[in-house]
Structures are given as C-alpha cells and as structure tokens.
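Pasting in a structure now, in structure tokens, and then I'll have a few things to ask.
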Amino acid sequence: MRYDLVIFDNDGVLVDSEPISNRILAEYLTEVGFPTTYEESIRDYMGSAMHRVHDLVAERTGRRLPADFDETFHRKVFEAFRRDLQPVPGVDAVLEKLEANGVPYCVASSGSHERIRVGLGKTGLYERFGEERIFSSQDVGRGKPAPDLFLHAARVMGVAPGRCAVVEDSPLGVEAAVAAGMDVYGFTGMTPAEKLAGAGERFGEMGELPGLLLG
C-alpha cells in the first residue's frame, strides 16, 4: 500500500466552499472599512485560519477588526453554506475508492470544528468521517502554513508523517504539508497550478486522484 493515511483539506477539496466564503469575507471586510475584492480574498486568505485575516489587516492598516468580526462572519457563512453548499464534484467517488482499497483517510482543515461539521453535513459527507477523523486548526497552537495541524492528525491517527498523503488546494496548505514531511497532491480546480508548485503532484479533476494515490 502506497500510503497508510490520506489527509484531506476541507474547503475547496471536499466541499466547494471557497467561492462562497471568500465572497462573503471580501464583502464583510469592505463593509467594516477594509476594502477587499473577491480576488484579493482568494489571494491572501484562502486556506488560512481566521487569525491570519486579523494579522494581515492589522499589519497593513494598523487597525483592528471589530471584536465580533469572527462571530458575524461565521454566521453569514453558515447561513450561505446551509443554503448553497455542494460537495466538490467527484470527491465522493474518491472516498469510496479509498475505502474499497483499505486506505484510511481524515480531514484536517483551517476552519473551525463547527464550520467543518456544517459543510460536511450539508453535502452528505459527514457520515464518511465522523468526529474521530475530523481535525481543525482549533486543535493546535498554529494553523497552516505551520505543519502542526497535519502532524497532529497523523499522530492521532497513528501514522508516521512519511506514510501520509495530503490533498490540498491552497499554497498555505501545501506549504504546511511539505513542512510536515508528507507527500502533497495539489488540486488545481480553483487554484492556478503554478501557485501549488510545492506539491509533488498536481491534478485538476477529482477523477484523477485515485490513480495518483493508489498507483
């Protein structure tokens, strides 16, 4: 068996949430006085934990976001998820093939546990994971691009980092997986391939992934 564990990012890999969440983030940042376009949100924040949003805003403007920013942002996002969120096309078949080949998998996301549960629940993927295979940046001190989250997931799942594959769609996530000493598969469905240059393999359709992981 090529890998003992496959670790999936959530947003943009399992659930097609990046267009929704980055549109809302750009709109809300603009609303509270920090003008941001959708493209800038994708460039600066895709794949990162919320603390990065606060850190970059403070670094660039010298001002802080409102105290209730995270709470309001998540409320807006969850409302949109419950209404509009869909799974990434083809990902259910990928999980089925991993199961059929006896390859364990889990999710490790920069999002909160609530965000992950809402997304997986709406798309019908939650039952494939369950709480014991869901890991969030809330579980560690530092989110991506630090390797902490991926190393934590591997440790809990009882697998050495070198026996793990990570499926990511953001530069920050690829950087984190490389730092963790894991093989990285970069999904270019929404991210230009050159931005995922650190990944060992890159692919544009989920149907390609089983062949890469199981070959």
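Side chains included, hydrogens not; waters and symmetry mates left out as well; all remaining heavy atoms used.
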Qualifying salt bridge (charged side-chain N to carboxylate O under 4.0 Å, His left out) pairs with a residue from residues 98-119, counting only residues at least two apart or across chains: Asp11-Arg115, Glu99-Arg128

Are Val166 and Val88 connected in a single hydrophobic cluster, I mean Ile/Leu/Val/Met/Phe/Trp/Tyr linked by side-chain heavy atoms less than 4.5 Å apart? no

Whether the Glu18 and Tyr45 side chains hold a donor-acceptor pair (N or O, under 3.5 Å, no angle test) is what I'd like checked.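 The criterion, which ignores hydrogens and geometry beyond distance, is not satisfied for Tyr45 and Glu18.
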
Minimum heavy-atom separation for His51 and Gly143, please, with both atom names.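 Result for this residue pair: NE2-N, 3.9 Å.
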
Got a sec, which pairs hit salt bridge (charged side-chain N to carboxylate O under 4.0 Å, His left out) with one end in residues 178-206, sequence neighbours left out?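 Those involving residues 178-206 do not exist here.
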
Given Phe203 and Val167, is the side-chain contact (heavy atoms from CB on, under 4.5 Å) satisfied, shown in steps? CA-CA 10 Å; Phe203 65 101; Val167 184; 3.9 Å; yes

Can you list everything that forms a ring-ring contact (aromatic ring centres under 6.0 Å, His included) with Tyr105? Sequence neighbours excluded, please. Phe129

With the side chain counted from C-beta on, respond yes when His74 and Met50 share a heavy-atom pair under 4.5 Å apart, and no when they do not. yes

Working to the nearest 0.5 angstrom, can you tell me the gap between Met46 CE and Leu25 CG?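 Nearest 0.5 Å value for the CE-CG distance: 13.0 Å.
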
For the backbone of Arg2 and the side chain of Arg163, can you confirm whether one donor and one acceptor N or O come within less than 3.5 Å of each other?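 Pair found, side chain donor or acceptor close to backbone of Arg2.
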
Begin from the C-alpha positions of Leu29 and Ser41 and carry the test side-chain contact (heavy atoms from CB on, under 4.5 Å) through to its verdict. CA-CA 9 Å; Leu29 283 169; Ser41 181; 5.7 Å; no

So how far is it from Glu175 CD to Leu196 CG, rounded to the nearest 0.5 Å?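 Result: 12.0 Å between the selected atoms.
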
Co-membership, hydrophobic cluster, residues Val103 and Leu213, 4.5 Å side-chain: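 They do share one cluster, since a chain of ILVMFWY contacts under 4.5 Å joins Val103 to Leu213.
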
Determine whether Val13 and Val184 fall in the same hydrophobic cluster, where Ile, Leu, Val, Met, Phe, Trp and Tyr are linked whenever their side-chain heavy atoms lie under 4.5 Å apart.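 Per the 4.5 Å side-chain linkage, Val13 and Val184 are not co-clustered.
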
Show me the pairs that pass salt bridge (charged side-chain N to carboxylate O under 4.0 Å, His left out) and involve residues 37-57, at least two apart or across chains. Asp44-Arg60

Show me the pairs that pass salt bridge (charged side-chain N to carboxylate O under 4.0 Å, His left out) and involve residues 137-162, at least two apart or across chains. Asp9-Lys144, Arg142-Asp148, Lys144-Glu168

Kindly check if the number of other-residue, nucleotide or ligand heavy atoms within 6.0 Å of CD (Glu71) is above 12?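 Counting neighbours around CD of Glu71, 12 or fewer heavy atoms of other residues, nucleotides or ligands fall under 6.0 Å, so no.
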
Checking Thr30 side chain against Thr36 main chain: does a donor-acceptor pair fall under 3.5 Å? yes

With no hydrogens and no angle check, is any side-chain donor or acceptor of Lys122 less than 3.5 Å from a backbone partner on Phe81? no

Does any part of the side chain of Leu120, heavy atoms only, come nearer than 4.5 Å to the side chain of Ile134, both counted from C-beta? yes

Distance col, row Asp169:CG vs Leu14:CG, nearest 0.5 angstrom, shows 10.0 Å

Quick check: is Phe187 connected to Val6 through a chain of hydrophobic side chains (ILVMFWY, heavy atoms under 4.5 Å apart)? yes

Leu65 vs Val53, test: side-chain contact (heavy atoms from CB on, under 4.5 Å). Steps then yes/no. CA-CA 9 Å; Leu65 291 169; Val53 181; 4.0 Å; yes

In short, Thr188 meets Ala193 closest at the heavy-atom pair CG2-CA, 3.7 Å

Any side-chain heavy-atom pair from Leu151 and Pro161 closer than 4.5 angstrom? yes

Should Leu85 and Phe73 be counted in the same cluster of Ile, Leu, Val, Met, Phe, Trp and Tyr side chains packed under 4.5 Å apart? yes

May I have the step-by-step check of side-chain contact (heavy atoms from CB on, under 4.5 Å) for Leu209 and Phe8, ending in yes or no? CA-CA 12 Å; Leu209 185 56; Phe8 289 90; 4.0 Å; yes

Looking at every heavy atom in both Gly119 and Val15, which two are closest together, and how far apart are they?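 Smallest interatomic distance, heavy atoms only, reads O-CG1, 3.7 Å.
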
Let me confirm one number: the CZ-OG distance from Phe78 to Ser21, rounded to the nearest 0.5 Å.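 With rounding to 0.5 Å, CZ (Phe78) is 10.5 Å from OG (Ser21).
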
At their closest point, which heavy atom of Ala108 faces which heavy atom of Ile7, and how far apart are they?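 In this case the closest contact between Ala108 and Ile7 is CB-CG2, 3.6 Å.
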
With the threshold set at 4.0 Å, does a side-chain nitrogen-carboxylate oxygen contact exist between Arg75 and Glu79?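 So Arg75 pairs with Glu79 through a salt bridge.
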
Show me the pairs that pass ring-ring contact (aromatic ring centres under 6.0 Å, His included) and involve residues 9-41, at least two apart or across chains.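 Listed by first then second residue: Tyr28-Phe69.
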
Can you check whether Val91 reaches Thr123 side chain to side chain, under 4.5 Å on heavy atoms? no

From Ser136 atom OG to Leu149 atom CG, the distance as rounded to the nearest 0.5 Å: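 That separation rounds to 7.0 Å.
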
